[in-house]
Structures are given as structure tokens and as C-alpha cells.
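These values consider heavy atoms only, across backbone and side chains, with no hydrogens, waters or symmetry-generated copies. All of these numbers come straight from a predicted model, not from anything done at the bench. By convention in this document, chain letters (A, B, ...) are assigned in the order of the sequence lines, proteins followed by strands, and residues within each chain are numbered from 1.
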Amino acid sequence: MGNGTRLTPQSEDFSAWYNEIVQQAEMASHSPVRGCMVIRPYGYRIWELMQAGLDGMFKATGHENAYFPLFLPKSALDREAEHVEGFAPETAIVTHAGRVELDEPLVVRPTSEAIIWPILRDWIHSYRDLPVLLNQWVNVVRWEKRTRPFLRTTEFLWQEGHTAHQSEEEAEEETRRMLGVYRTFMEDWMAMPVITGLKTDSERFAGAIRTYALEALMRDNKALQAGTSHNLGQNFARAFDVRYQTEDGEHVYVWSTSWGVSTRLIGGLIMAHGDDVGLVLPPRLAPHQAVIVPIWRNDDQRGTVLEAGERVRAALEEAGMRVHLDGREGVNPGAKYYDWERKGVPLRLEIGPRDVESGSVMAVRR
RNA sequence: CGGGGAGUAGCUCAGUCCGGCAGAGCACUGGCUUUGGGAGCCAGGGGCCGCGGGUUCAAAUCCCGCCUCCCCGACCA
């Protein structure tokens, strides 16, 4: 922090603005491997807050978290025809363990249907075992040709929900329910306007019968696909032979769904709200909901002002706010204002000697 | 993957054409003075000049290969 580098205005070059704010707000930085990024603490904190919000909503709708492995046998990916066609070109494949060539290559998951369904086959026997409502928070790898921080990275973090149901109607209901959960999160937590709808056949998830997507409006007037919810029909059940016995004793294929949102949401958050000054973060997802900037001229004032700042911080934290007191020495208040505006902190509280005397604070909204 | 641009200190870049001591501003460290919108002075620290090879007495600079980033396109859940 503390550098005075200017941001390219959005109106001049939105892409340049985006790349600069990702660096300057300390959201992410590059790594030595193509398309892979380091998510820095400030960016990761936003992800943690997103995870907490979404995870609560998933649990409230009956889902449980689990963890399935990073690797899948290449033969498993090959089981569903459209699925393999869609994902094969962008998978990373492990062929060696040390110097020894593996008998069967391992695919690094681009998504986990082909790992999860062979397992669910063993878990599902009876209609009493349904529905299965799972979610996992993991990393996945897709070798995309062109990458951008948060928006399309080679490795990214996401959650993927996977469910199994007795009927087509139930699966469709689940697909739309989770689409609705995403909409609620994007509107109420991210303050990001979205349009939901059905993807065309060519844009459908490889292996799905229907894909619903949320398209979010960015400040360059472009749409960003911010999340998807898929009705997989019986495609994966057939490919992995997952059947259950009905009350009538019949053996029938389950109906399934999958749905996901990723760290791309952070890119969406940046582009939905950020301006020429920097990030603008919605309070529910801001690492610091308020920042206190103390102002002093001498050691006496420094003591009383910092003490007042601590009191204000304690009171606001007591009320449930995430508050940061910026007590850095040798940095002018003005420089601190620029820093925190660039980082999108929703509320700034300035406390100087005059404020302490009058028992007030100066509050400025981002 | 095709076309174009770029890679030198943490950041932005000069130096490369025309080979000859590794540079600037900001940032960082220490000291003093400052502090209500990006502070000043003084003194310092910091380099695999993207990586590998070649040419040369000598390479940041010339040649070859590769990697990474950015833009346009194609591709894409």
C-alpha cells in the first residue's frame, strides 16, 4: 500500500483498469505458471466471506459438504460421451509418478461428476437413499487458452453441488432452487444485478439436458456468466449405472443435478461495482466494513486519538461490524484515505483532536 | 492455438537501434521534522537485466530456442 500510482479510467480502457485494480488493491498476483494466480489475503478474505454466505444457504436447503479426490482415472471421464468431448481438450493429465509411467493416466478434475458418480453408485440402492444432496468446496483445473485473473484461470476455486433424485420433476425443482439460491446471493450479498435463463444447446454443460445460467451486468455494459445450475437428467446415471429400487421393486436410473459458482464471482464483484477510484465492496462481503483513520499532530494527540479510535472500534465490533483501525505511523491521513478507497472499504471514520473534543466522528461513505 | 505488443529493483519505466561500470521516479530501511485528502530533508538497502544456449576480448544490448504477461481473434463452461 501507499503507492500513488493512478488507475487507468474505466472509460479509457476497462481491461487495463481491471488488471490494475486487481494488483493495486492486493487482490491477486501472477505465478510462474501460465494462467495460475496467487489469491492474496485481501482477495481471499472476500472469498471466505462468499463461502460463508453461500455455505449457509446450501445447508439451509438440506445440502451436506463432502470431499472427493483431485484425480480421476482417465477411463472414468470417458464414460459419458458428451462430457468427455466437452472437457477432454482442456484437462491436465498426470502420466508419471516420479520417473515411473503410470499404467493409467490420471485426469486432474475439471469438474467432479466423473469422480462422484462411480462412488454414488455404491451409496444409492433404494428410494429410501434419495435424495442425495452434496456439495464440495475445491479447486479444479481447466487448461483454457486465454486467462484473466479471477475471470478465467487455469486453476480456480469453486463449489460444486451434486444431487441425485427419484424423479425428473424433483431434479428440475432442485436445479431451479439452486439457481434461485445463487440469484439471492448475487443480489442480496453481492448487490449485483443478474438475469437468469436457459443456455442454448451449444452452450449447455457437457452432459446436461438443461443448463440455467445467471448473467450479471458489469460496468462496461457487458454480461458475465456468474453461475450455472444443470439438470443432468439421467445421463450420468446411465453412464455410471446408478440405479435405485422403487417402492414397487423396479430398478430405475436416478435423476441428477450439478451446480457451481467460482472465484470468478470475485471478478464479477470487482467489475460490477468498481470505479476509477478503485474497488467498491458491498458491506456483507467487505473484509473491513469500516476503517478508522486517526489524525494527530503530536504525541499527546496521538495518545488520545488512538484511545478514542480503539473505543469506537470496540463498540462497532461489539455491534457485529468488521472494523480496522489504521494506526500506521508516518503515513498521512490523506494517503490512508486513498489506500482504503482503492480497496473499496464501505465506511471511513476519521477521528482527530477536534472530534475527540466534541465527542463526534467524521464518517465518509465509499 | 493464430496475429500483434511486452518482459531491466516490490511497482512504472529509461538504457537495447549503434556491445564497453546496472540507472531514474515511486515503494522500502534508519534519523529528524511532519500529519484534517497522496509530506519534506538527509543517509541507506535492494538486481539471475524472464530462462537456456550461441557469437565476441567483452552481451541487458547481437543471433537461436523456450517461458510468462497484455491486446485482438479462435476456443471455452
A:His162 ring center near A:Phe68 ring center (under 6.0 Å)
no
I want to know whether A:His288 and A:Trp340 have ring centres closer than 6.0 Å.
yes
Determine the contact category for [X]: base if any of its heavy atoms lies under 4.0 Å from a base atom, sugar-phosphate if only primed atoms, P, OP1 or OP2 are that close, otherwise nothing.
X	result
A:Ala206	nothing
A:His230	base
A:Arg348	base

Using the [atom1] atom as the reference point in each nucleotide, state the distance between [N] and [M] in Å, no decimals.
N	M	atom1	result
B:rC67	B:rG50	C1'	7 Å
B:rC66	B:rG7	C1'	14 Å
B:rC72	B:rC62	P	29 Å
B:rC21	B:rC32	C1'	34 Å
B:rU8	B:rC49	C1'	4 Å
B:rA22	B:rG47	C1'	8 Å
B:rG20	B:rU34	P	48 Å
B:rG36	B:rC17	P	48 Å

Compute whether any side-chain donor of one residue and acceptor of the other, for [X] and [Y], lie under 3.5 angstrom apart.
X	Y	result
A:Trp259	A:Thr257	yes
A:Ser126	A:Gln245	no
A:His63	A:Glu174	yes

hbond_proxy A:Glu350 side chain to B:rG37 base (donor-acceptor, 3.5 Å cutoff)
no
Give the rounded distance in Å between these two atoms: [atom1] of [X] and [atom2] of [N].
X	N	atom1	atom2	value
A:Trp296	B:rU35	CH2	C1'	8 Å
A:Arg297	B:rU33	CZ	C1'	14 Å
A:Glu26	B:rA27	CD	P	15 Å
A:Gln23	B:rG10	CD	P	14 Å
A:Glu329	B:rU33	CD	P	13 Å
A:Tyr337	B:rA39	OH	P	11 Å
A:Asp299	B:rU34	CG	C1'	12 Å
A:Glu85	B:rC76	CD	P	10 Å

How do A:Phe87 and A:Tyr338 order along RNA chain B: which one's closest nucleotide is nearer the 5' end?
A:Tyr338
5'-most by nearest nucleotide on RNA chain B - A:Asn298 or A:Asn332
A:Asn298
Output, in order, the C-alpha distance, side-chain angles, deciding distance and verdict of side chain to side chain contact (heavy atoms under 4.5 Å, CB included) for A:Met27 and A:Ile39.
CA-CA 6 Å; A:Met27 297 289 282; A:Ile39 304 177; over 6 Å; no
Whom does [N] pair with, Watson-Crick or G-U wobble, provided both distances fall under 3.5 Å?
N	result
B:rA22	none
B:rU55	none
B:rU16	none
B:rC75	none
B:rA9	none
B:rC41	B:rG31
B:rC66	B:rG50

Contact residues, residues 353-363 of chain A to RNA chain B [heavy atom, < 4.0 Å]:
A:Pro353, A:Arg354, A:Asp355, A:Met362
Cluster companions of [X] among Ile, Leu, Val, Met, Phe, Trp, Tyr (side-chain spacing under 4.5 Å):
X	value
A:Leu106	A:Tyr67, A:Leu70, A:Phe71, A:Val94, A:Leu102, A:Val108, A:Val138, A:Val140, A:Val141, A:Trp143, A:Phe156, A:Trp158
A:Ile195	none
A:Tyr253	none

Are A:Met50 and A:Arg45 packed together at the side-chain level, in the sense that at least one heavy-atom pair is separated by less than 4.5 angstrom?
no
Quick one, A:Glu341 and A:Arg366 - any side-chain contact, counting heavy atoms below 4.5 Å?
yes
Nucleic acid footprint by protein, nucleotides 65-74 of chain B - heavy-atom cut-off 4.0 Å, B for base, S for sugar-phosphate alone:
---SSSSBBB
Check ring pair (Phe, Tyr, Trp, His ring centres under 6.0 Å) between A:His273 and all other residues, then give those that pass, not counting sequence neighbours.
none
